[in-house]
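The structure under discussion appears below in the form of structure tokens.
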Amino acid sequence: MASSTLSPSAPSQLCSSKSGMFCQSQTFLVKPTRTQMIKKETHKGMRLTCQATSIPADRVPDMGKRELTNLILLWALSLPTGFMLVPYGAFLSQLGTGGGTIAKDATGNNVIAAEWLKTHGPGDRTLTQGLKVIGVTQPTWWWRKTTLATYGINAVCTHLGCVVPWNQAENKFICPCHGSQNNDQGRVVRGPAPLSLALAHADIDDGKVVFVPWVETDFRAGEAPWWA
């Protein structure tokens, strides 16, 4: 079987994608293109193909544009996430710091301690409008035993934020959404709520019931308040 070999390219033969082609036998210029194919016949009749390619400047990735795209994507993801975290973070620090808030009844009237005592006996509880969190009033339980309670219990469940009613028969706060239970002091005794109900001081100022943020130790657990 006859064998064939490729002869090496002569020095006079040049293949380039950036400059013209020059041959000793004939001088001529060829306008460069993005991809140039040059075929040369060898002495054995075989063809040798030389291909040169180049990447156009307008297709080279622009790092500035890439960085800008990354920044736009980052902002697009962070803004909605931030908006979702703000109310949740506010709830975790719902009482925070600040002055007191006059308790109001269901009709928006100030709760006057002396008047309230006339219509409520020992053990009665009332759901009032308490402290505000980012402009939203927190429903707060207030009651009396033999005397008026010196603190209120935030009625917002620490599971998913449902308003927790008082169950007189069970002597507990029982969440209607997922069944979380808190004792008469608001301490969690059954999940899925992870934390006890928040507290607020209940003072009497000029005859009115005033709720004040609770930042001291939570007496129910002997720990720092999770909401402060």
Exercise for review: Take Arg220 and Leu199, measure what side-chain contact (heavy atoms from CB on, under 4.5 Å) needs, and give me the verdict at the end.
Suggested key: CA-CA 10 Å; Arg220 301 166 300 183; Leu199 300 176; 3.6 Å; yes

Check your understanding: Is there a donor-acceptor pair closer than 3.5 Å between any side-chain N or O of Gln129 and the backbone N or O of Asp105?
Key -> yes

**Study point:** hydrophobic_cluster_shared for Val209 and Leu148, side chain cutoff 4.5 Å
**Key:** yes

Exercise for review: Spell out, with a plain yes or no, whether Cys157 and Cys177 have SG atoms under 2.5 Å apart.
Suggested key: no

**Study point:** Between Trp142 and Trp116, ring centroids under 6.0 Å
**Key:** yes

Check your understanding: Distance from Leu197 atom CG to Gln185 atom CD, nearest 0.5 Å?
Key -> 11.5 Å

**Study point:** Heavy-atom closest contact (Ala193 atom, Thr158 atom, distance)
**Key:** CB-OG1, 3.6 Å

Study note, to complete from the structure: Scanning both residues in full, the closest heavy-atom pair of Arg187 with Ser196 reads CA-OG, 3.3 Å

Exercise for review: Establish, from distance only, whether the side-chain atoms of Asn110 and Lys104 form a donor-acceptor pair under 3.5 Å.
Suggested key: yes

Check your understanding: Can you name the one residue among Val210, Ile204, Thr126, Thr128 that meets side chain to side chain contact (heavy atoms under 4.5 Å, CB included) with Val111?
Key -> Thr128

Check your understanding: Do Trp227 and Leu195 sit in the same hydrophobic cluster, where Ile, Leu, Val, Met, Phe, Trp and Tyr count as joined when their side-chain heavy atoms come under 4.5 Å apart?
Key -> yes

Practice item. Flag the pair Phe219 / Tyr151 as yes when their ring centroid distance falls below 6.0 Å, and as no otherwise. Key: yes

Review point. Which atom names give the shortest non-hydrogen contact between Gly222 and Thr217, and what distance separates them?
Key: C-CG2, 3.6 Å

**Study point:** For Glu216, salt bridge (Lys or Arg N to Asp or Glu O under 4.0 Å) partners two or more places apart
**Key:** none

Review point. CD1 of Ile102 to CG of Asp206: how many Å apart, nearest 0.5 Å?
Key: 8.5 Å

Check your understanding: Should Ile112 and Trp143 be regarded as members of a common hydrophobic cluster, given that ILVMFWY residues are connected when their side-chain heavy atoms come within less than 4.5 Å of each other, either directly or indirectly?
Key -> no

Exercise for review: Taking Thr101 for its side chain and Leu131 for its backbone only, find out whether a donor-acceptor pair lies under 3.5 Å.
Suggested key: no

Study note, to complete from the structure: Output for pair (Trp141 CH2, Phe173 CZ), nearest 0.5 Å, gives 6.5 Å

Review point. At what distance, to the nearest 0.5 angstrom, does CD1 of Ile153 lie from CH2 of Trp214?
Key: 10.0 Å

**Study point:** Sequence neighbours excluded - side chain to side chain donor-acceptor pair (under 3.5 Å) pairs with any residue from residues 169-184
**Key:** His159-His178, Lys172-Gln181

Study note, to complete from the structure: Interatomic distance, CG@Asn154 vs CZ@Phe211, rounded to 0.5 Å, equals 9.5 Å

Check your understanding: Does the pair Gln138 and Val156 meet the rule for a side-chain contact (heavy atoms from CB on, under 4.5 Å), with working shown?
Key -> CA-CA 7 Å; Gln138 302 294 296; Val156 177; 3.4 Å; yes

**Study point:** Sub-4.5 Å side-chain heavy-atom contact between Thr150 and His201
**Key:** no

Point to revise | Within one Ile-Leu-Val-Met-Phe-Trp-Tyr cluster: Val136 and Leu127, side-chain cutoff 4.5 Å | key: no

